[in-house]
Number of protein chains: 2
Amino acid sequence: MGKERVTVIDIAHAAGVSKSTVSLVLQASPLVNEATRAKVNAVIRDLGYVYNRGAANLRQSNSKSKIIGIVVNDLTNSFFAELAVGVDMVVQSAGYVQFLANTAESVDRQREVIASMREHGISGLILSPARGTDSADLKPLVASGIPVVNVVRQVSGAKVSSLVSDNHAGMRDAVRHLVGLGHHRIAFLGGFPDTAVFNERLQGYRDALSDMDLAVHEELVVSSAPSRAGGVAAIERALLLRERPTAAVCFNDAVAFGVCDGLRAHRLDPGEDFAVIGFDDVIEAQTAVPALTTISVDPQGMGRRAAQLLLKQINAGRADAEAIVSSVRLVVRQSCGAAIDKRERLSLL
Amino acid sequence: MGKERVTVIDIAHAAGVSKSTVSLVLQASPLVNEATRAKVNAVIRDLGYVYNRGAANLRQSNSKSKIIGIVVNDLTNSFFAELAVGVDMVVQSAGYVQFLANTAESVDRQREVIASMREHGISGLILSPARGTDSADLKPLVASGIPVVNVVRQVSGAKVSSLVSDNHAGMRDAVRHLVGLGHHRIAFLGGFPDTAVFNERLQGYRDALSDMDLAVHEELVVSSAPSRAGGVAAIERALLLRERPTAAVCFNDAVAFGVCDGLRAHRLDPGEDFAVIGFDDVIEAQTAVPALTTISVDPQGMGRRAAQLLLKQINAGRADAEAIVSSVRLVVRQSCGAAIDKRERLSLL
DNA sequence: TGACAAAATTGGAACGTTCCAATTATCTTG
DNA sequence: CAAGATAATTGGAACGTTCCAATTTTGTCA
């Protein structure tokens with residue numbers, strides 16, 4: 001059962017027309033008579049024909065494969081899962097299908113999967129590059145005219161489009177908000193210092209402090225893995241300082257959750273005894289206790305926009321690089337809402 | 001730049017051999033002389049040739065497309081993201097690449113993406129079916145000899161392999177553990193009652209109570225959306241009962257987190273004043289505060305096993321359905337560890 | 001109704017690969 | 001060194017589709 005593939009010739013035969021006519025109805029050409037179209041479609045249904053895009057794509061030669069690729073550096077991070085969902089939405093409704101691969105921050109794996117996707121004929125790629133990705137890694141892709149959209153992270157020197165969130169402005173707003181609440185010892189917690197994203201956010205932190213005429217104390221910047229565990233580690237270190245911070249902006253929400261965990265371990269109540277602000281606005285941020293004040297970047301929306309940009313470039317045939325920075329907004333919830341008296345009590349510790 | 005595709009003929013030309021020879025070196029055939037192999041490979045590198053799997057697959061006709069599909073019902077749920085990562089691992093190292101699609105519980109979308117993947121020539125499919133999937137939806141796939149592995153959820157009547165976790169045993173163990181700690185009013189919180197998974201877990205709950213000679217009180221079973229918000233709602237309702245439960249097993253971890261949130265909103269300390277057990281062991285379970293006692297199903301491992309099973313069937317050429325139930329284990333952390341005195345205090349409220 | 005236009009249909013070549021059968025080059029060895 | 005065996009190479013057909021140019025059918029109207 002099901003051994004023999006039904007081809008366009010089989011249905012041409014059965015419908016009493018030529019394969020060319022069948023091909024025409026497959027692509028909904030207006031050239032074909034309504035009656036024959038109906039007959040052919042009926043036969044198609046009856047015989048259980050399935051269109052062979054591989055063959056079609058081979059003949060059409062270049063590009064229109066209706067496949068795009070998306071490769072991310074860490075799919076276990078729900079930020080990227082959300083992003084993938086956003087991409088999936090627009091890609092799906094445009095009749096495309098997506099290859100998805102996870103690189104787990106390995107540039108070797110990344111090279112392999114991109115090569116593999118290329119062999120399979122993707123007509124575009126959305127890439128959240130692994131740490132250490134070199135512009136040379138993308139060279140062959142763009143040389144062959146395949147549009148690439150980088151998301152979240154940029155690859156310096158690569159002539160590809162990018163869509164990143166406004167890390168600088170986001171962190172600046174977060175710090176300003178805390179200063180407005182009366183904090184002046186604000187820590188910057190988490191993240192790896194060798195990434196562009198980290199440095200953009202850190203710069204936002206510094207600039208905000210400068211703008212408000214506050215000194216930036218380097219000991220208040222403590223880096224760590226950008227994970228929940230990293231957040232725990234970072235707050236531990238920060239609480240060891242002889243002059244403790246009273247608030248923290250965190251590299252991302254995962255770190256922020258870790259910071260909350262760490263605070264509780266020290267019998268401090270996040271949002272009451274210590275103000276915490278995250279970055280990303282992952283889905284758990286609003287339901288966590290306390291609800292996390294954070295910079296909302298709407299990963300799903302980013303995925304949608306990245307996909308739209310990519311499809312635009314694919315359809316345009318030619319893709320000139322454009323760099324979009326996606327604006328970002330502070331969502332105030334409970335984790336930053338330290339009441340004055342409590343904060344004062346803490347600063348006396 | 002990059003307009004003209006480099007083909008096997010081009011490199012044959014440049015290397016001074018025939019296209020057949022080039023084809024032979026591409027598939028690493030032992031028939032070709034070392035010297036020519038080296039020369040051809042050099043030319044391949046120089047010209048920046050990329051293999052066209054579409055064309056190859058067309059000639060080889062059936063099956064060996066090196067593409068598998070994975071479609072899940074909710075990628076925003078980190079359980080499925082983890083599962084996808086597991087699949088990705090084994091699929092990637094087997095030289096395959098995967099289409100990923102999210103159905104968001106829509107059978108229509110599911111039908112579309114499966115059809116689309118089929119047109120693109122997947123040689124196997126891993127499916128976590130959307131609610132309401134009918135075995136007829138999978139009929140054409142299996143009829144054409146494409147192996148399908150269902151994960152997490154089964155589709156009754158479909159002649160496909162499945163890999164589900166042992167919901168019954170997992171919930172039974174959770175309840176036994178709570179009873180062992182001295183609880184006798186244990187709630188079952190969250191989940192939609194019209195799903196097979198819900199009923200399996202509920203049955204495990206009932207059977208465990210019966211086994212321990214405890215009555216099952218129907219008012220202690222409160223269903224809700226299987227989400228964090230649903231967990232909040234469920235515990236709210238449960239705390240309204242005139243005879244409150246002292247512990248709860250939850251439909252999944254997301255619900256369990258919600259339950260913890262809801263408890264805190266009522267000034268109850270999860271793990272101290274009330275025992276909570278989840279199901280799934282998502283990645284956050286171990287770092288949450290309190291760390292969540294839960295049934296570990298290792299979604300990544302499930303993904304790996306599903307992929308292995310699928311690849312086995314693809315390689316075997318023929319796929320007879322096998323149903324695997326993946327065993328599951330109770331991971332005891334803090335959220336269930338109510339100390340005796342506290343529990344007694346609570347039960348007096 | 002004959003002639004011309006418009007509409008509908010069609011055969012074959014092409015896309016880039018693999019496979020088969022056949023051919024040519026290279027070794028063995030008596 | 002002839003001749004058989006083995007190693008290496010090769011030309012063409014085939015995979016399932018699309019596209020082009022050409023052909024056939026149908027429609028229009030003087």
Side-chain angles (χ1 to χ4, degrees), chain A residues 2-41 43-44 47-67 118-123 144, chain B residues 2-41 43-44 47-67 118-123 144:
Chain A
K3 284 297 286 189
E4 299 303 320
R5 207 186 215 301
V6 177
T7 102
V8 96
I9 299 198
D10 297 325
I11 77 149
H13 237 227
V17 296
S18 78
K19 58 183 166 45
S20 303
T21 305
V22 176
S23 174
L24 257 8
V25 344
L26 283 177
Q27 31 201 327
S29 161
L31 292 178
V32 46
N33 183 292
E34 268 317 314
T36 39
R37 179 195 310 284
K39 177 166 51 182
V40 169
N41 277 327
V43 176
I44 284 179
L47 298 196
Y49 167 77
V50 345
Y51 185 64
N52 184 335
R53 274 180 201 276
N57 191 52
L58 177 57
R59 180 49 165 85
Q60 297 172 313
S61 210
N62 45 11
S63 37
K64 303 275 82 188
S65 71
K66 292 289 193 171
I67 304 176
R118 210 144 95 86
E119 295 184 351
H120 282 287
I122 52 171
S123 38
S144 63
Chain B
K3 284 295 286 187
E4 299 303 318
R5 206 186 216 303
V6 177
T7 104
V8 96
I9 299 198
D10 297 325
I11 76 147
H13 237 226
V17 296
S18 79
K19 60 184 166 44
S20 303
T21 303
V22 177
S23 174
L24 257 8
V25 344
L26 283 178
Q27 33 202 326
S29 162
L31 291 178
V32 46
N33 182 292
E34 268 316 315
T36 38
R37 179 196 308 285
K39 177 167 53 180
V40 168
N41 276 327
V43 176
I44 283 179
L47 299 195
Y49 167 77
V50 345
Y51 184 65
N52 185 335
R53 274 180 202 276
N57 191 50
L58 177 58
R59 180 49 165 86
Q60 297 171 312
S61 210
N62 45 11
S63 36
K64 303 275 80 186
S65 70
K66 293 288 194 173
I67 303 176
R118 210 143 94 86
E119 295 184 352
H120 282 288
I122 54 172
S123 39
S144 61

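Letters A, B, ... are given to chains in the order of the sequence lines, protein chains preceding strands, and every chain is numbered from 1.
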TODO: Write down the distance between CD1 (A:Ile44) and P (D:dG16), rounded to a whole number of angstrom.
DONE: 16 Å
Task: salt bridge (Lys or Arg N to Asp or Glu O under 4.0 Å) contacts in which one or both residues fall within residues 26-39 of chain B, not counting sequence neighbours - done: B:Glu34-B:Arg37
Open item on the list: If you compare every side-chain N and O of B:Thr21 against the phosphate oxygens of D:dT10 (OP1, OP2), does one of them come in below 4.0 Å?
Closed with: yes
Task: Nucleotide C:dG16, atom P - distance to CD1 of B:Ile11 in whole Å - done: 13 Å
Task: Step-by-step side chain to side chain contact (heavy atoms under 4.5 Å, CB included) determination, B:Asn41 to B:Val25 - done: CA-CA 8 Å; B:Asn41 276 327; B:Val25 344; 3.8 Å; yes
Task: Separation of B:Asp10 CG from B:Thr7 OG1 (nearest 0.5 Å) - done: 4.5 Å
Task: Rounded distance in Å - CG (B:Leu58) to C1' (D:dA13) - done: 13 Å
TODO: Could I get the full list of side chain to side chain donor-acceptor pair (under 3.5 Å) partners for A:Ser23, not counting sequence neighbours?
DONE: A:Gln27
TODO: Using whole Å, report how far CD of A:Glu34 lies from C1' of D:dT26.
DONE: 16 Å
Open item on the list: Rounded at 0.5 Å granularity, tell me how far CG in A:Asn57 sits from CG in B:Asn52.
Closed with: 8.0 Å
- [ ] Side-chain contact test, heavy atoms from C-beta onward, threshold under 4.5 Å: evaluate it for A:His120 versus B:Ile67 and give yes or no.
- [x] yes
TODO: Heavy atoms under 4.0 Å is the rule here; annotate nucleotides 17-24 of chain D 5' to 3' with B where the base is hit, S where only the sugar-phosphate is, and - elsewhere.
DONE: BBB-----
